[in-house]
There are 2 protein chains.
Amino acid sequence: MVATAVPVVTDGPCCAPIAREPLGEADAAELATLLKAVADPVRLRLLSMIGSHAGGEACVCDLTDAFDLTAPTISHHLKVLRTAGLIDGERRGTWVYYRIIPKQVARLGALFTPLAEPVSA
Amino acid sequence: MVATAVPVVTDGPCCAPIAREPLGEADAAELATLLKAVADPVRLRLLSMIGSHAGGEACVCDLTDAFDLTAPTISHHLKVLRTAGLIDGERRGTWVYYRIIPKQVARLGALFTPLAEPVSA
DNA sequence: CTATCATTTAGACGGCTGTCGAAGCAGTCG
DNA sequence: CGACTGCTTCGACAGCCGTCTAAATGATAG
């Protein structure tokens with residue numbers, strides 16, 4: 001968390017955080033990396049499937065079956081998501097289970113959220 | 001808009017919309033296109049500069065000066081953002097001014113926002 | 001130990017993408 | 001009209017990315 005010392009004036013539906021002050025070069029580069037990780041239809045669906053799966057985690061075998069893609073390709077996409085810190089994988093016996101890391105996903109949302117509603121928390 | 005007829009159970013601070021139900025193939029493809037448009041450091045900064053500029057719009061000349069890139073390259077990035085429906089440009093005399101289209105930007109935010117707070121609207 | 005299944009890694013290949021220089025279009029100034 | 005400035009389009013090129021096949025690794029079963 002960077003916590004820029006800018007007083008957030010929630011005076012109505014103004015604009016997303018990205019539109020409050022110009023983004024620095026370094027921040028932009030880092031955020032772009034994060035965004036690139038989700039800017040792919042397959043990875044978007046993988047993330048969605050993992051997140052919406054009962055128990056909060058999904059087995060790779062289930063994920064692979066849902067696409068017309070080979071197992072290595074799915075594995076590659078999962079690695080991209082894992083490297084970006086969006087998901088975490090764990091091996092239990094024969095199968096590997098993936099789980100979403102909500103904090104990092106929320107970071108993406110915070111970027112473009114209009115902040116129209118006051119943050120009650 | 002595909003509008004899958006699934007009853008969305010908002011039973012508390014669960015997870016982002018993307019994690020409530022698996023994303024359809026078509027929706028994923030369309031969202032990926034939108035995300036690709038912002039998954040670039042230069043475009044992220046352009047969007048941020050335009051959005052945070054006084055008056056809500058920025059001249060291309062200002063934008064070009066802020067980067068170590070040639071004018072055609074900046075123009076290319078602006079076109080990508082415009083094609084994605086994120087910004088809109090208008091020529092006034094000698095200069096061209098760009099403006100953010102908040103609705104489309106908000107769509108991005110809604111994707112990953114945790115929805116921890118009840119939607120008052 | 002060997003066989004088999006689940007997943008990842010390695011290597012290769014075609015297509016997309018960011019960048020540039022050159023040229024074209026639009027508007028202003030003399 | 002003719003020259004000049006601001007921005008975009010065009011064409012080309014290097015590098016990245018998504019996909020595959022083949023092979024390696026990890027774990028269980030017989």
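Just so it is clear, the structure is predicted and the values come from calculations on it, not from any experiment. Lettering of chains follows the sequences in order, A, B, ..., and the numbering in each one begins at 1.
Judged by the 6.0 Å and 45° rule, A:Arg82 forms no cation-pi pair with A:Tyr98.
In terms of phosphate contacts, A:Ser75 brings a side-chain nitrogen or oxygen within less than 4.0 Å of OP1 or OP2 of C:dT8. Taking only side-chain nitrogens and oxygens, B:Thr70 never comes nearer than 4.0 Å to OP1 or OP2 of C:dT19. A close approach under 4.0 Å does occur between a side-chain nitrogen or oxygen of B:His77 and OP1 or OP2 of C:dT19. OP1 or OP2 of D:dC20 has at least one side-chain nitrogen or oxygen of A:Thr73 nearer than 4.0 Å. Here A:Lys79 reaches the OP1 or OP2 of C:dT9: one of its side-chain N or O atoms lies under 4.0 Å away.
Under a hydrophobic clustering in which Ile, Leu, Val, Met, Phe, Trp and Tyr are joined whenever their side-chain heavy atoms come within less than 4.5 Å, directly or via other members, A:Ile100 and A:Tyr97 fall into different clusters.
One interatomic measurement links the two molecules: NZ of A:Lys36 to P of C:dG18, which rounds to 6 Å at whole-angstrom precision. Rounding to whole angstrom units, CD1 of residue A:Ile74 and P of D:dT19 are separated by 8 Å. Atom CG of A:Leu46 is separated from atom C1' of D:dT19 by 14 Å (rounded to the nearest Å). Atom NE2 of A:His76 and atom P of C:dG11 are 16 Å apart (whole Å). Here D:dG26 presents its P atom at 19 Å from CZ of A:Arg92, a figure rounded to the nearest Å. In this structure, B:Arg82 atom CZ and D:dT9 atom C1' are separated by 11 Å, rounded to whole Å. As rounded to whole Å, 18 Å separates atom P of D:dC16 from atom CG of A:Asp40. Spacing between atom CH2 of A:Trp95 and atom P of C:dT8 amounts to 14 Å, rounded to whole angstrom units.
Side chain of A:Ser48 to backbone of A:Leu44: no donor-acceptor contact under 3.5 angstrom is found.
Backbone-only engagement by A:Arg43 is indicated by non-hydrogen atom pairs under 4.0 Å involving sugar-phosphate atoms exclusively. Residue B:Tyr98 is in sugar-phosphate contact alone, with no base atom involved, counting any heavy-atom pair closer than 4.0 Å across all strands shown. Contact annotation for B:Leu69: backbone-only contact, meaning every heavy-atom pair under 4.0 Å involves sugar-phosphate atoms and none involves a base.
Closest to the side chain of A:Pro72, from the set D:dT19, C:dA10, C:dA26, is C:dA10.
The CG atom of A:Leu31 lies 5.0 Å from the CG atom of A:Leu111; values are rounded to the nearest 0.5 Å.
Contact detail for A:Pro17 and A:Thr113: the closest heavy-atom pair is CD-O, 3.2 Å.
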